[in-house]
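To start, the structure itself, in C-alpha cells.
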Protein chains: 2
Amino acid sequence: MTSQPASAERQRDADRTRAEILEVAQREFARRGYAGARVDEIADLIRTTKRMIYYYFGSKEQLYIAVLEKAYTEVREAERLVDVEHLAPVEAIRTLAELTFDHHDAHREFIKLVAIENIHRAEHIRKSEVLANLGTPVLDLIGRILQAGTASGDFVTEADAVDVHMMISSFCFFRVANQHTFGALFGRDMAAREHRDRLRRMVGEMVVAYLRGAGSPEDPR
Amino acid sequence: MTSQPASAERQRDADRTRAEILEVAQREFARRGYAGARVDEIADLIRTTKRMIYYYFGSKEQLYIAVLEKAYTEVREAERLVDVEHLAPVEAIRTLAELTFDHHDAHREFIKLVAIENIHRAEHIRKSEVLANLGTPVLDLIGRILQAGTASGDFVTEADAVDVHMMISSFCFFRVANQHTFGALFGRDMAAREHRDRLRRMVGEMVVAYLRGAGSPEDPR
DNA sequence: ACATTAATTAACTATCTAGTTCGTAACATG
DNA sequence: CATGTTACGAACTAGATAGTTAATTAATGT
C-alpha cells in the first residue's frame, strides 16, 4: 500500500498492481463476504480502476477464487514448516495443537474466508483445480504422531488422524470465527490475552487427555 | 407453505403472512448470507410482495434481526428442556455434549446464521435488545455439573463453565459449519452417518477426558 | 348497511453494481 | 526511431435491488 501523490498517475507495474488487488480483495471479501464485497470499492482502495480487476482476473468470482487460492497456499506453506517430529508423542501432539492455535490466531482473515466459503457450500473451492486437490501435510504428521504414541503406549484411544485434526481445528477455529457472537452473548472476549493464553493451554490438554483415553466408558479410573 | 391456486388472491391473514416471511427469510439468509439474500426473492417464494416485508418488518436489516431473534429464542427454549441433573457428573457432562451434538446436527440453518452473523462482527445481534441480554441456561447447568464433579472427585481439572461450553460447542459447530470446505479438502463428509456417530461419541469422550485431568502435564500416568 | 381499519397488490424510483467499450500512454524490440 | 504490445483510465450500459407511493379490497365493529 505505497502511498502516492493524490493526483499523480499510477506507475506501471503489472506485478504490483496484481498483488495489491489480491491483497485488498482478500481484506474486503473477508470483511464483507462474497456478495457484500464491491468490485469498485476494491479498486478504489488501491487507486486503480475496476477495469484492472477484469483485466487481471476476469470476473468478481475469479478474483475471489484467486484470493482463496493464495490464502490456502500460504497456509499450507506455513504448515509444512511445522516440526515436532523430534518430540515424544505426547509433547508432539500438544505442541502441534498449540501451534495450530497460534496459527489461527495469526490468520484471522483466512479464518473468515473459510467461514464465508462454507456459507457458499465450498462451491468456489470446488471450481478451483489448485484447491480441489490440496490436502494438508499436517494429516501425515498427525498420523505419524498417533502411531508413535500408540506404539509407546502413551496413547490408548484408537484415533483417526482426520478426526484429531478436526478436533484441534474446531477449537482453534471457533475461538476466532465465533468470537463476536460469543462475546455479544456471553460477554467474554475470547480474543483477549487473558482468555487466549488459558484457551491455548486448554486445547493441548484436551487432545492429550482424549488420546490418553481417560474419556472412554470402558476405562473409568 | 400452503400451496395455492396460481392466480388466486392471497387470503388475508396477518399472522400467517408474518410467520411465512420469517420462515423463508431464515432459509434465504442462511443460504445466501445477508447481502446475498434478496428481498424480492423472499417475497416471491411465499407468493406475497416485497411491500409486505416492509409493512411488517420495516427494512431488510430489521427482517434479518427478527430472523435472528426468532432462531436464537427457539434454540434457548430447547436448551431449557435439557435435563441431565439426575445423572452422575461424568455421565451428565457426556450426555450434555452428545445432546449439544444432536442439537447442532438438527439446526443447521441456525448454525449458518451464527456463522453469517460472525462475519458481520455480530453487529446485528448488538442492535437487538432481545438478543443482547440473552445468555444461555446451559452455562448454569454446566456450572452445577462441574461443581458436583469436583466435589465427588470425578473431575480433577479446574475448569470454567464458559470454557467447557466453548469446547463442546466448537466441536459440534465446526462439524456442521465447516463440513463443506472440510469435505472438499479432505474428501470426508463429516455429515455422513458413519462419521457422525463416531464423532458424536468423540465429543463426549473428549470433554470427560479433559475434565478427568488426563491431559495436564503435572499428572502423567 | 356503513364507516373504519387492517392487509394486500401493482407500479414506480433512485441508486447501485458487475461487467464493457474504447481510447491512450508507457515500454520493449527490431 | 518506428512499431507492436502491455498496462492503464474514463465513461458507459444493462440489469438488479432496496425501498416507496398510492390505490384497493377484505374484515370488523356499530
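The chains referred to below are lettered A, B, ... by the order of the sequence lines, with proteins before strands, and numbering in each begins at 1.
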A:Glu20 atom CD is separated from D:dA7 atom P, nearest whole Å, by 15 Å

Ranking C:dG19, C:dA7, D:dG9 by distance to the side chain of A:Arg51, first place goes to D:dG9

*Pair A:Glu69-A:Ser128, side-chain donor/acceptor within less than 3.5 Å*: yes

Q. Heavy atoms, side chains only, cut-off 4.5 Å: are A:Arg175 and A:Arg196 in contact?
A. yes

Taking the ring of B:His165 and the ring of A:Phe186, is the distance between their centroids below 6.0 Å? yes

Between CZ of B:Arg32 and C1' of D:dA16 the distance, given in whole Å, is 15 Å

Next on the checklist: Check this one for me: any side-chain N or O of B:Thr17 less than 4.0 Å away from OP1 or OP2 of C:dT8?
Outcome noted: yes

From OH of B:Tyr54 across to C1' of C:dT13 the rounded distance in Å is 13 Å

In short, the helix from C:dA1-D:dT30 to C:dG30-D:dC1 is bent end to end, axes from five pairs each side, to 10°, by 10°

TODO: Give the ring-plane orientation class for B:His124 versus B:Tyr34, where under 30° counts as parallel, over 60° as perpendicular and anything between as tilted.
DONE: tilted

What about B:Lys50: does its side chain form a donor-acceptor pair under 3.5 Å with the base of D:dG19? yes

When rounded to whole Å, the CD1 to P distance for the pair A:Ile53 and D:dG9 reads 12 Å

A:Leu63 CG to C:dT17 C1', in whole Å, measures 15 Å

From CZ of A:Arg16 across to P of C:dC27 the rounded distance in Å is 12 Å

Close side-chain approach of B:Phe101 and B:Ile168, heavy atoms under 4.5 Å: no

Rounded to whole Å, the CE-C1' distance (A:Met52 to C:dA25) equals 12 Å

By nearest-nucleotide position on DNA chain C, the 5'-leaning member of A:Ser59 and A:Arg12 is A:Ser59

Is there a side-chain contact between B:Pro137 and B:Arg76, using heavy atoms and a 4.5 Å cut-off? yes

Interatomic distance, CZ@A:Phe110 vs CD@A:Gln26, rounded to 0.5 Å, equals 9.0 Å

Here the distance between atom P of D:dA7 and atom CG of A:Asp15, to the nearest Å, is 8 Å

Quick note, A:Tyr55 side chain, CB onward, closest among D:dA18, D:dT6, C:dT9 is D:dT6

Using a cut-off of less than 4.0 Å, is there contact between a side-chain N or O of A:Tyr56 and OP1 or OP2 of D:dC8?
yes

| said: Determine whether B:Arg188 and A:Asp163 satisfy the following criterion, salt bridge (Lys or Arg N to Asp or Glu O under 4.0 Å), listing intermediate values before the conclusion. | reply: CA-CA 10 Å; B:Arg188 171 168 299 189; A:Asp163 288 350; 3.0 Å; yes

Note: A:Ala35 and A:Lys60 closest approach over all heavy atoms is O-NZ, 3.5 Å

Contact check, residues 34-41 of chain A vs DNA chain D, heavy-atom distance under 4.0 Å, returns none

